Asker: 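Sending over a structure as structure tokens; questions will come in a sec.
Sequence positions, counted from 1, serve as the residue numbers for this chain. Remember, it's 1-based here, ligands and their atoms both numbered in the order they're listed. Keep in mind that what you see is a predicted model, and the values were worked out from it rather than measured.
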Amino acid sequence: MFSLPTNLKKIALFLERLPGIGQKTANRLAFFFLRLPEEDLQEFAENIRTLKQRTKLCQQCFNLTENNLCDICLDKNRDQTTVAVVETVIDLLSFENGNIYNGVYHVLHGKIDPLNHVGPDDLKVDELIKRIKDNNYQVESKIKEIILATSPDMEGEATAIYIKDQIKKIDENLKITRLAYGLPIGANLEYADYMTLKKALEGRGKL
Ligand SMILES: [Zn+2]
């Protein structure tokens with residue numbers, strides 16, 4: 001039986017590990033790589049090789065960046081006084097791709113999920129509280145609103161309530177809102193189209 005040359009086969013087997021990729025697609029993609037110009041492959045290989053060491057978390061919002069602060073935190077045209085708390089960088093991208101939000105973010109990197117042993121300490125909640133505390137001394141960019149944009153499922157809801165309670169302990173008067181239920185219950189923000197997301201954002205209610 002014919003088998004692919006070792007290197008090509010290794011690449012195909014690796015691609016097969018990617019989400020949503022079956023064996024046939026993996027083979028097709030491996031052949032696609034083989035047909036690419038050498039310099040494209042070199043550049044791709046270099047990007048893969050340095051991916052981990054170059055990609056860091058923003059020190060303020062925990063978005064991905066190659067610097068200490070991400071482009072969004074550094075952007076003077078964005079409203080630094082409104083902070084949307086999202087579960088993942090992919091959720092952040094959903095807002096960004098829709099071009100519907102001009103505030104800044106705080107990425108939790110997950111949600112409270114006891115069944116999968118994820119508690120508040122595994123998320124960037126303490127960092128959010130510290131950010132709000134530290135920010136209280138700022139005059140111009142003092143945070144005015146926290147939008148809890150966690151998913152509208154049980155875990156996302158529990159996470160929002162937990163964060164609200166933590167914020168209340170340090171700042172009774174800070175405005176806290178939650179995305180409205182234009183979003184389907186039980187769905188991930190990641191899969192929402194931007195209009196649904198826009199409506200949910202516009203219709204957010206006080207928590
Ligand atoms: Zn940032």
Asker: Quick check on side-chain contact (heavy atoms from CB on, under 4.5 Å): which of Ile163, Ile176, Ile167, Val125 does Val85 satisfy it with?
Answerer: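 For Val85, the side-chain contact (heavy atoms from CB on, under 4.5 Å) test succeeds with only one of Ile163, Ile176, Ile167, Val125, which is Ile163.
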Asker: So, at under 2.8 Å, which protein N, O or S atoms would a careful student list around the Zn ion (ligand 1)?
Answerer: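 Checking every protein N, O and S atom gives Cys58 SG, Cys61 SG, Cys70 SG, Cys73 SG.
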Asker: Quick check: does any side chain N or O of Arg54 sit under 3.5 Å from a backbone N or O of Arg49, one acting as donor and the other as acceptor?
Answerer: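 Such a contact is absent between Arg54 side chain and Arg49 backbone.
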Asker: With no hydrogens and no angle check, is any side-chain donor or acceptor of Asn67 less than 3.5 Å from a backbone partner on Leu69?
Answerer: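 Answer holds: no.
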Asker: Can you find a heavy atom in the side chain of Leu148 that is under 4.5 Å from one in the side chain of Thr177?
Answerer: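 When only atoms from C-beta onward are counted, Thr177 and Leu148 do not touch, as no gap falls below 4.5 Å.
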Asker: Does anything in residues 45-91 pair up under ring pair (Phe, Tyr, Trp, His ring centres under 6.0 Å), and if so which pairs, sequence neighbours excluded?
Answerer: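 Residue pairs with at least one partner in residues 45-91: Phe62-His106.
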Asker: Counting only heavy atoms not in Asp75, do more than 12 fall under 6.0 Å of its CG?
Answerer: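 It does: Asp75 CG has more than 12 such atoms within range.
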